[in-house]
Amino acid sequence: MEKIQTFFKEYVAWLSMPDINLVDIIEILIIAFAVYQIVIWVKDTRAWVLLKGIIVLVIIWLLAAIFNMNVLLWIFQNVMVIGITAIVVVFQPEFRNALEQIGRKSFSSISPFEDSRAKYERYSDRSIQGIVKAVYEMAKVKTGALIVVEQEIQCREFERTGIPIDAEISSQLLINIFEHNTPLHDGAVILRDNRVVSATCYLPLSDNLELSKELGTRHRAGLGVSEVSDSLTVIVSEETGMVSIAREGRLQRNVDADTLEKMLCRASGKTSYSSRKKWWRGRKK
């Protein structure tokens, strides 16, 4: 009996519930809310890619600590301060945007009990059909276009370089934006959750040396934004009228309407693709 009592004192006593008052409960709720908001922010920005890299480094650090790899531990200790500073500098736009969002949000918009149904399918069938119709109407008359279709990672820093639109996606609106000699035709359009968010946006240019020299700035910009986000970017060539798609740092050229619609359906989170009668099939005959 004495051994059992000793065991409980040494190994089980620490499991006893501590005294919790109202201040502790409020503190727990604040910390939980802060962690939730950080996770949501990381998920919607390029910081999600950074987080995965940090997780890999933490695993390497744990292995180095377990197996006493002194050289690796020394490198981690000396690079830690520089690494934190570099993260703050590189992701300064995301940090600023996160603080701005906190200041703009109301209590209802920051509630964790938001309806997630709309987020699952980011783009409706109507929006997808509008995008496809606009793209191939512009391709027919060789009107250059650059359309960024957002997915999980939001392009907030590029959105701020353009002019806010905040209108429902339609083929007429997209065609009118990229019409020649109009104030909004130059630059990219960013789409998010069935809305045209911003136009005339500036995108980062790709440094890919393997990209064909015959492709211009529009294609390099479309490929560049696909390298720093998970967006699907649709490019219409002004010279040839050819439709291209940039995704995950790769460029797919001469894409037909069926392929574009399938890729947009996958980008919107739809689990299936239905082969409906489409407007362009009648035109090809």
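For clarity, every value in this text was computed on a predicted model and none was experimentally measured. The basis for the numbers below is simple: all heavy atoms, side chains too, and nothing from hydrogens, waters or symmetry mates. The residues of the chain are indexed from 1 along the displayed sequence.
Checking side-chain atoms of Thr200 against main-chain N and O of Leu184 turns up no donor-acceptor pair under 3.5 Å. Ser229 places no side-chain N or O within 3.5 Å of a backbone atom of Ser226 that could act as its donor or acceptor partner. For the pair Thr240 (side chain) and Ser237 (backbone), a donor-acceptor distance under 3.5 Å is absent.
For residues 228-239, the pairs satisfying salt bridge (Lys or Arg N to Asp or Glu O under 4.0 Å) are Arg218-Glu238, with sequence neighbours left out.
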Derivation and outcome, salt bridge (Lys or Arg N to Asp or Glu O under 4.0 Å), residues Glu137 and Lys140: CA-CA 5 Å; Glu137 286 284 0; Lys140 182 181 177 182; 5.4 Å; no

Could you give me the CA-CA distance, side-chain angles and deciding distance for Phe178 and Ile147, then say whether side chain to side chain contact (heavy atoms under 4.5 Å, CB included) is met? CA-CA 10 Å; Phe178 289 107; Ile147 304 173; 3.8 Å; yes

Which is it for Glu150 and Arg122 under the salt bridge (Lys or Arg N to Asp or Glu O under 4.0 Å) test, yes or no, and what are the steps along the way? CA-CA 9 Å; Glu150 280 190 358; Arg122 301 178 189 89; over 6 Å; no

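Shortest non-hydrogen contact noted between Val225 and Cys155 is CG2-SG, 4.3 Å. Heavy atoms only, all atoms of each residue included: Ser198 and Pro164 are closest at OG-N, 4.1 Å. Minimum interatomic distance between Tyr123 and Asn194 (heavy atoms only, all atoms of both residues): CA-OD1, 3.2 Å. Between Ala188 and Leu203, the shortest heavy-atom distance links the atoms CB-CD1, 3.6 Å. Nearest heavy-atom pair, Gly222 versus Leu146, reported as atom, atom and distance to 0.1 Å: CA-CD1, 3.9 Å.
For the pair Arg192 and Glu159, the salt-bridge criterion is met [side-chain N within less than 4.0 Å of a carboxylate O].
Alongside Ile75, the hydrophobic cluster contains Val71, Trp74, Val79 (criterion: ILVMFWY side chains under 4.5 Å). The other members of the hydrophobic cluster of Ile26, by chain and number, are Leu22, Ile30 (side-chain heavy atoms under 4.5 Å, ILVMFWY only).
Taking the side-chain contact (heavy atoms from CB on, under 4.5 Å) definition, one finds that Leu29 meets it with Ile25, sequence neighbours left out. Applying the side-chain contact (heavy atoms from CB on, under 4.5 Å) test to Val58 and every residue at least two apart in sequence or in another chain returns Ile54, Leu62.
The hydrophobic clustering, which links ILVMFWY residues whose side-chain heavy atoms are closer than 4.5 Å, places Val141 and Ile131 apart.
Using a 4.5 Å heavy-atom threshold, the side chains of Leu191 and Val148 count as separate.
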Considering only distance and modelled atom types, tabulate donor-acceptor pairs under 3.5 Å from the side chains of residues 248-255, sequence neighbours left out.
| residue | atom | partner | partner atom | Å |
| --- | --- | --- | --- | --- |
| Glu248 | OE1 | Arg250 | NH2 | 3.1 |
| Arg253 | NH1 | Glu214 | OE2 | 3.1 |
| Arg253 | NH2 | Glu214 | OE2 | 3.1 |

